[in-house]
Amino acid sequence: MQIRLYNTMTRKVEDFVPITPNHVGFYGCGPTVYWDQHIGNMRAFFNNDMLKRMFLANGYTVNHVMNITDVGHLTSDEDTGEDKMEKGAARENLSVWDVANKYMNSCFSDMDLLNIMRPTHTPRATDHIKEQIELIQKLEKLGFTYEIPGDGIYYDTSKLHDYGKLGGQNLSELRGGARIENNNKRNITDFALWKFSPTDVKRQMEWDSPWGVGFPGWHLECSAMSMKYLGNHFDIHTGGQEHIKVHHTNEIAQSEPIVGAPWVHYWVHWAWLMLKDGKMSKSSGTSYTVRGLIERGYDPMAFRYLLLQGHYRQPMDFAFESLDAAAAGYKNMVRKIADLMAAGDTEPVNQDLYNEWHDKILTPISDNLKTAETLVVVQDMLKNQTINTPTKLALLDFVDELLGLQLADRAKKLLAAESETAPAEIQELAAKRADAKKNRDFALADELRAKIDSAGWTVTDIPGGFKLVKKQ
RNA sequence: GGCUUGGUGGCAGAGUGGUUAUGCAGAGGACUGCAAAUCCUUGUAUGCCGGUUCGAUUCCGACCCAAGCCUCCA
């Protein structure tokens, strides 16, 4: 099936043509591991996951690389900026290395909870200092660097004729004085490749280099590690939309002089998950984690379902009201599937119908990841009267693989919970209630139902009797 | 200020040059002593102003508003 993706470089939805047939290599910017990743961060990782699942469903092999940024970078190119890693270490009274490990693992565990497949490679910046230094040396040889004494090695953006092409903005269009200027930089857009350690403070993370002790600039790791794990040219580079103008622009600047243009064939950018009143941020206490959602009683799959209803290029408003709606929608879907499973239909799978609907499901998601439309097709499929139950269940297995919603798993759990036999005293109460109903003593019947309810069971009337289901 | 995206029903959020998804919520009905579940039916929207067109929510332009980047950020 023809895959189409919006390419930020050309600002168009394009047919995807892989470098190697039936194989895709892609790099998605990963987390800076100084704190928990909030659900906004997770939306980006979820999008990478959907991109990957879409390719897998289309028969591709996938090499997915996600970096772990564990080097502390200054929050600006100034010496006065804060270092997030060092700040996190101070906050928790841990070494920067322990902070990195702790939050890398918590990020992975949140990804697991959301059923996000692990990337093929998750290289850490601190494990690739050598590669980063080598990259600077290559740029140095080509004449793209200059040193600001006592500060670092910088990239001279005026040396690259098409600098800024990804963001559609040239040097002269940037607003002068909009940010604090480093007076020693040659151009407003120049950025650090290597920063020297400050002389007055001992950094926990620093390395030797041909230019002096210090640490790499924050754009460098992505160039160095993507080349190492994906080769000099690869298919797709993804990241949050805020990376277009600076981070990805600078990655291109570092890479294309060395490997030749185009370095990356398709640039795909994810829009943010917004709060009603602005962006999600840790400082304002408005960030939620996946584990936080679970503590509030939500199935992480409800959040996944919510994300699937939107489109990756569209900012999405997050509110508990909309998460509730998604949770209800997801639960209804699981209910329907559990009913299909319980039907025990032994008809054979209709292969023609299976193929037809398989393609119907795969088509919209292959067209620039229109997951919402795929969800619509799934709803249509569930409602469709001409598809028999075994065919529907086979299609749902495919849907689970494609969308990662764990529908079959939840449906089975639901059925298991419903088939659990109630303890004798609950059975007895339910039997008494049935008697009360027979005697038309509805007051007593309702009282008994309340009793059963508070004991953790739900009694429902079914034709010819009653059913006891343990409350979830 | 510049560059880039967008503005759709009560909420979230798709598609589409002419009959406007889907989910949740709402309303009515079937079923039930009442519930629950399920099923059926159903209302409500395309920021504003122009233009192109037989016809625009869809194309074009201006404006207004929002978001992203220009400063660490998914």
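All chains are named by letter (A, B, ...) in the order of the sequence lines, taking the proteins before the strands, and each is independently numbered beginning at 1.
- The nucleotide whose nearest atom lies closest to any side-chain atom of A/Lys383 is, among B/rC73, B/rG23, B/rA67, B/rG23.
- Taking the six-membered ring for Trp and thresholds of 30 and 60 degrees, A/Trp263 and A/Phe234 have ring planes more than 60 degrees apart, a perpendicular arrangement.
- Rounded to whole Å, the distance from CG on A/Asn332 to C1' on B/rA12 is 15 Å.
- Judged by ring centres under 5.5 Å apart and planes tilted less than 30 degrees, A/Trp270 fails to stack against the six-membered base ring of B/rA74.
- Nearest to the side chain of A/Ser322, among B/rA67, B/rA21, B/rC11, sits B/rC11.
- The side chain of A/Tyr6 has B/rU5 as its nearest neighbour among B/rG6, B/rU5, B/rC69.
- Using atom P as the reference point in both B/rG47 and B/rG10, the two lie 13 Å apart (nearest Å).
- With sequence neighbours excluded, the residues that form a side-chain contact (heavy atoms from CB on, under 4.5 Å) with A/Asn115 are A/Arg53, A/Met301, A/Arg304, A/Gln406.
- For A/Glu373, taking side-chain heavy atoms from C-beta onward, the closest of the listed nucleotides B/rU38, B/rA14, B/rC73 is B/rA14.
- In this structure, A/Arg313 reaches the B/rG6 phosphate: one of its side-chain N or O atoms is under 4.0 Å from OP1 or OP2.
- Candidate nucleotides B/rA12, B/rA74, B/rU4 were compared by shortest atom distance to the side chain of A/Leu273, and B/rA74 ranks first.
- Heavy-atom nearest nucleotides on RNA chain B were determined for A/Phe45 and for A/Pro315, and the one closer to the 5' end corresponds to A/Pro315.
- Under the 4.0 Å criterion applied to side-chain N and carboxylate O atoms, A/Lys159 and A/Asp156 are assigned as salt-bridge partners.
- Considering only the side chain of A/Asp317, B/rA12 comes nearest among B/rA12, B/rC69, B/rG6.
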For a quick test of your reading: what N or O donor-acceptor pairs under 3.5 Å do the side chains of residues 365-372 of chain A make, sequence neighbours left out?
residue, atom, partner, partner atom, Å
A/Ser366, OG, A/Asn58, ND2, 3.0
A/Ser366, OG, A/Leu362, O, 2.8
A/Asp367, OD1, A/Arg4, NE, 3.0
A/Asp367, OD2, A/Lys370, NZ, 3.1
A/Asn368, OD1, A/Tyr6, N, 3.0
A/Asn368, OD1, A/Tyr312, OH, 2.4
A/Thr371, OG1, A/Leu308, O, 2.7
A/Thr371, OG1, A/Gly310, O, 3.2

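- The side chain of A/Arg11 approaches B/rU4 more closely than any other nucleotide in the set B/rA74, B/rC24, B/rU4.
- Residues passing the side chain to side chain donor-acceptor pair (under 3.5 Å) test with A/Asp112 are A/Arg118, sequence neighbours excluded.
- Pairs engaging residues 325-336 of chain A under the side-chain hydrogen bond (donor to acceptor under 3.5 Å, both in side chains) rule: A/Arg335-A/Asp339, A/Arg335-A/Glu418 [sequence neighbours left out].
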#### Entry: Per-nucleotide protein contact string for nucleotides 28-36 of chain B, where B marks a base within reach and S marks sugar-phosphate only (heavy atoms under 4.0 Å, - for neither)
-----BBB-
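- Closest to the A/Lys245 side chain, of the nucleotides B/rC72, B/rG7, B/rC69, is B/rC69.
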## Note on the structure
Under the rule of Watson-Crick or G-U wobble with both distances under 3.5 Å, where | means paired to another strand and [ ] a crossing pair, RNA chain B maps to (((((((..(((.....[...))).(((((.......)))))....(.(((..]....))).))))))))....
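- Relative to the side chain of A/Val246, the nucleotides B/rC70, B/rA74, B/rA21 differ in distance, and B/rC70 lies closest.
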